[in-house]
2 protein chains.
Amino acid sequence: MTRQRTAVQDELARDSAFRSAQEIHARMRAAGHRIGLTTVYRSLQALADADEVDVLRSDDGEATYRACSAGHHHHLVCRHCGTTVEVEGRAVETWAERVAREHGFVDVAHTVEVFGTCARCVRGAR
Amino acid sequence: MTRQRTAVQDELARDSAFRSAQEIHARMRAAGHRIGLTTVYRSLQALADADEVDVLRSDDGEATYRACSAGHHHHLVCRHCGTTVEVEGRAVETWAERVAREHGFVDVAHTVEVFGTCARCVRGAR
DNA sequence: AGCAGAATGAAAACCGTTGTCGTTTTCGTG
DNA sequence: CACGAAAACGACAACGGTTTTCATTCTGCT
């Protein structure tokens with residue numbers, strides 16, 4: 001139920017970047033954990049269902065996960081190192097709401113992700 | 001080099017919804033076109049590279065495509081029928097820009113998708 | 001027409017993800 | 001502490017969307 005599930009959660013808590021399931025699995029194994037890939041997937045799914053982690057699809061369709069605070073928020077993601085900052089934006093919320101209403105849409109949801117290169121990666125660049 | 005590539009583009013132009021590659025392939029076959037799935041994929045990729053179509057990853061990781069006008073814009077997508085409206089929002093652009101700068105990020109890009117149920121699907125619902 | 005190079009597509013390879021199912025662990029109860 | 005049911009685990013197989021391979025076909029050029 002939760003010795004390895006807790007371990008997955010801990011691994012996610014180690015840093016603030018979006019990681020793929022396989023990456024997480026590899027890191028855990030490297031750290032000496034005895035856990036199967038299947039369990040990592042299931043744990044991540046459970047955590048996602050419980051809104052304990054955010055899920056993001058990368059451009060190539062791979063799912064990436066990240067521990068996150070509860071509540072509605074968006075992400076500012078470094079496209080090089082994956083580091084993520086949680087941001088919020090009232091402006092976006094109201095804009096999405098208004099635009100949808102104007103077109104007769106109801107039951108509105110939205111996804112917003114901002115990508116860029118973080119200050120550290122800029123300095124570290126060749 | 002483009003009898004079937006043109007055909008793919010035409011198929012996309014038929015309506016304003018995001019369609020998966022397989023869906024597009026099936027529709028074309030049903031319409032009497034003699035085209036392979038591989039070619040559909042390749043055509044879509046070429047069109048995407050040329051910024052002739054927008055690509056969107058659905059929650060289950062499947063890629064969906066839609067003909068779109070040039071230039072930066074976002075989408076308001078009906079989660080039932082897939083119908084899409086192109087929208088733009090200066091408010092979002094400036095917000096993304098500001099938030100990124102505040103955190104020292106450069107070379108900023110962003111994705112914004114708004115989902116909802118369109119007026120027609122609301123009426124048609126049970 | 002003849003030819004080189006690009007495009008096509010059937011089938012196989014890929015790869016992330018999910019299902020299967022026998023084994024192990026956890027936990028409540030006697 | 002021992003038992004037994006129920007949940008979790010994990011090696012492996014299966015799945016499904018996408019990409020690659022490679023032999024064949026088509027295009028545009030001379």
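Since this is a predicted model, take the numbers as computed values, not measurements. Below, read A as the first sequence line, B as the second, and so on, with proteins coming before strands; counting in each chain starts at 1. Note that these values count all heavy atoms, side chains included, but never hydrogens, waters or copies made by symmetry.
Using a 4.0 Å cut-off, some side-chain N or O of Arg5(A) falls inside it from OP1 or OP2 of dC9(D). Within the structure, a side-chain polar atom (N or O) of Gln4(B) is placed less than 4.0 Å from OP1 or OP2 of dG9(C).
Atom CG of Asp59(A) has 12 or fewer heavy atoms from other residues, nucleotides or ligands within 6.0 Å. Within a 6.0 Å radius of CD in Glu102(A), other residues, nucleotides and ligands contribute more than 12 heavy atoms.
Rounding to whole angstrom units, CG of residue Leu44(A) and P of dG16(C) are separated by 15 Å. The CG-P distance, from Asp59(A) to dT19(D), rounds to 12 Å in whole Å. Counting to the nearest Å, the C1' atom of dT17(C) and the NE2 atom of His25(A) are 14 Å from each other. Straight-line distance from the OH atom of Tyr41(A) to the P atom of dT20(C): 18 Å, rounded to whole Å. Regarding Glu23(A), its CD atom lies at a distance of 14 Å from the C1' atom of dG16(C), rounded to whole Å. Between Glu62(A) atom CD and dG17(D) atom P the separation is 18 Å, expressed in whole Å. As a whole-Å value, the separation of Met28(B) CE from dG9(C) C1' is 13 Å. For Arg3(A) and dT25(C), the CZ to P distance is 8 Å, given to the nearest whole Å.
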Problem set entry | Pair Phe18(B)-Thr84(B), side chain to side chain contact (heavy atoms under 4.5 Å, CB included): steps then yes or no | CA-CA 7 Å; Phe18(B) 278 90; Thr84(B) 303; 3.2 Å; yes
Seminar exercise, completed: Protein-proximity profile, nucleotides 11-16 of chain D, B/S/- by nucleotide at the 4.0 Å heavy-atom cutoff, equals BB----
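Ala67(B) approaches Glu86(B) most closely through the heavy-atom pair O-OE2, 4.4 Å.
Using modelled atom types, one finds a donor on one side chain and an acceptor on the other under 3.5 Å when comparing Glu93(B) with His110(B).
Using a 4.5 Å cut-off on side-chain heavy atoms (C-beta onward), Val87(B) and His73(B) make no contact.
Of the candidate nucleotides dT18(D), dC9(D), dT17(C), dT17(C) has the atom nearest to the side chain of Ala63(A).
Note on Val8(A): it does not cluster hydrophobically with Tyr41(A), by side-chain heavy-atom contacts below 4.5 Å among ILVMFWY residues.
At the heavy-atom level, Gln45(B) lies under 4.0 Å from the strands shown only through sugar-phosphate atoms.
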